[in-house]
Amino acid sequence: MSFNLVTQNLRSWQNRKEWFFNREHTDTYELWYEGRYKRAEIWQKKIMGDLVLSDPRIRTLLEFGCGTTRFTRWWHNIGIEATGGDLSPFMLGQGAQLFKGDLVLADSHYMPFKDKTFDAVAFITTFEYYRNPVQVVREAARVSRHGIFFGMMNRNSPKIVRRRVQQFFGKNPFYVTATFHTPATLTRVIHKALQGKEYTLEWNCTGLPKWFPVQQWKVPYGDFFGLHVKFKE
């Protein structure tokens, strides 16, 4: 039986339609990064690389919501042994052609791994789509030894207004079900999820205009921010 026949009715998750179950969007995902999103990706990777490499304990990492493995491949480039996980067979199917490491088709609310399997867990532009983010953070803390990394689309950005206007006119399906966070709102989710656990937080913002004098800063404004939850020994 062909893949298309098996998956033709797969369009929703958590009782709502999601773009990552639509072949029209998932088949062109890699092209998006190679085109208009290229500059943004460079700075996002710099932010995330600085955070991950700041903790020498991080040698293995699970990236959930890995999609086509865009970042999963890159973790290996900076010396981190990465495993990818995603819920979308369309995205993961592409990832399997591009990435030679381990991949798992699973829901991040119920990670199919034993406690403390990895040094860290990472979420790159995927945490925005979870219905129960507190449960996801708890799962990440369960399977991680040393910390959690978040790469997030920032709510404190002029682009949020543009995206919502596009959605109103049916022009942008990618963020309809997304919940955008700021460093402050994500911190509140983390504190709720990790009550009783000792950790520190560090974050940085990027996604600033080309003409701006800096491209990353510790001010909660910009299109993207990276946040590191570092567990204490």
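Along the sequence shown, the residues carry numbers beginning at 1.
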Point to revise | R142 atom CZ: more than 12 heavy-atom contacts under 6.0 Å | key: yes

Non-hydrogen atoms of [X] and [Y] that approach each other most closely:
X: D86; Y: G67; answer: OD2-N, 2.7 Å
X: A120; Y: I58; answer: CB-CD1, 3.7 Å
X: E128; Y: M153; answer: OE2-N, 2.7 Å
X: V104; Y: P112; answer: CG2-CG, 3.9 Å
X: H76; Y: T72; answer: CD2-O, 3.4 Å
X: A106; Y: F64; answer: O-CE2, 3.5 Å

Review point. Run the side-chain contact (heavy atoms from CB on, under 4.5 Å) check on T185 and T179 step by step: do they pass?
Key: CA-CA 11 Å; T185 64; T179 299; over 6 Å; no

Side-chain donor or acceptor of [X] paired with backbone N/O of [Y] under 3.5 Å:
X: Q94; Y: T68; result: no
X: S54; Y: L51; result: yes
X: E63; Y: G84; result: no

Revision key, fill the gap. Besides L92, the hydrophobic cluster formed by Ile, Leu, Val, Met, Phe, Trp and Tyr side chains linked at under 4.5 Å, directly or via other members, contains F99, L103, L105

Check your understanding: Who else is in the cluster with W43 when I, L, V, M, F, W and Y are joined by side-chain contacts under 4.5 Å?
Key ->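 Under the 4.5 Å side-chain rule, W43 groups with nothing.
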
Min side-chain heavy-atom separation [X]-[Y] under 4.5 Å:
X: Q44; Y: F225; answer: no
X: F180; Y: L186; answer: no
X: K116; Y: V143; answer: no
X: P133; Y: F127; answer: yes
X: W75; Y: N77; answer: no

Review point. Which is it for M48 and F224 under the side-chain contact (heavy atoms from CB on, under 4.5 Å) test, yes or no, and what are the steps along the way?
Key: CA-CA 11 Å; M48 299 310 302; F224 181 92; 4.2 Å; yes

Should [X] and [Y] be regarded as members of a common hydrophobic cluster, given that ILVMFWY residues are connected when their side-chain heavy atoms come within less than 4.5 Å of each other, either directly or indirectly?
X: I42; Y: F71; answer: no
X: V136; Y: L201; answer: yes
X: Y221; Y: I47; answer: no
X: F113; Y: I148; answer: yes

For [X], what residues pass the side chain to side chain donor-acceptor pair (under 3.5 Å) criterion, not counting sequence neighbours?
X: K46; value: D50, Q216
X: H191; value: Y199
X: E81; value: none
X: T60; value: D119

**Study point:** Ring centers of F149, H228 separated by less than 6.0 Å
**Key:**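 Yes - the distance between ring centres of F149 and H228 falls below the 6.0 Å cut-off.
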
Review point. Taking the six-membered ring for Trp, are the ring centroids of F150 and F123 within less than 6.0 Å of each other?
Key: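 Between F123 and F150, which both carry aromatic rings, the centre distance is below 6.0 Å.
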
**Study point:** Value rounded to 0.5 Å, distance of CE in M111 from OG in S144
**Key:** 9.5 Å

Exercise for review: To the nearest 0.5 angstrom, please state how far the CG atom of D115 sits from the CZ atom of R145.
Suggested key: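 It is 11.0 Å, given to the nearest 0.5 Å.
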
**Study point:** Test side-chain contact (heavy atoms from CB on, under 4.5 Å) applied to R155 and H181, step by step
**Key:** CA-CA 5 Å; R155 195 172 71 194; H181 286 279; 5.9 Å; no

Under the side-chain contact (heavy atoms from CB on, under 4.5 Å) rule, collect the residues that match up with [X], sequence neighbours excluded.
X: V134; answer: N132, R138, V189, K192, A193
X: T83; answer: L62, D102, F118
X: K232; answer: E198, T200

Check your understanding: Between the side chains of N156 and T182, does any donor sit under 3.5 Å from an acceptor?
Key ->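 Per modelled atom types, N156 and T182 side chains form no pair under 3.5 Å.
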
Check your understanding: Would Y130 and S108 count as having a side-chain donor-acceptor pair, cut-off 3.5 Å?
Key -> yes

Show every donor-acceptor pair shorter than 3.5 Å between a side-chain atom in residues 203-214 and any protein atom, with sequence neighbours excluded, or say none if there are none.
unit_1	atom_1	unit_2	atom_2	d
T206	OG1	Q215	O	2.7

Check your understanding: In chain order, what residues pass the salt bridge (Lys or Arg N to Asp or Glu O under 4.0 Å) check against K218, with sequence neighbours excluded?
Key -> E202

Check your understanding: In chain order, what residues pass the salt bridge (Lys or Arg N to Asp or Glu O under 4.0 Å) check against R57, with sequence neighbours excluded?
Key ->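 By the salt bridge (Lys or Arg N to Asp or Glu O under 4.0 Å) rule, R57 matches D55, E233.
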
Practice item. Before giving the answer on side-chain contact (heavy atoms from CB on, under 4.5 Å), spell out for D223 and N154 the whole-Å C-alpha distance, their side-chain angles and the decisive distance to 0.1 Å. Key: CA-CA 5 Å; D223 295 332; N154 193 1; 5.8 Å; no

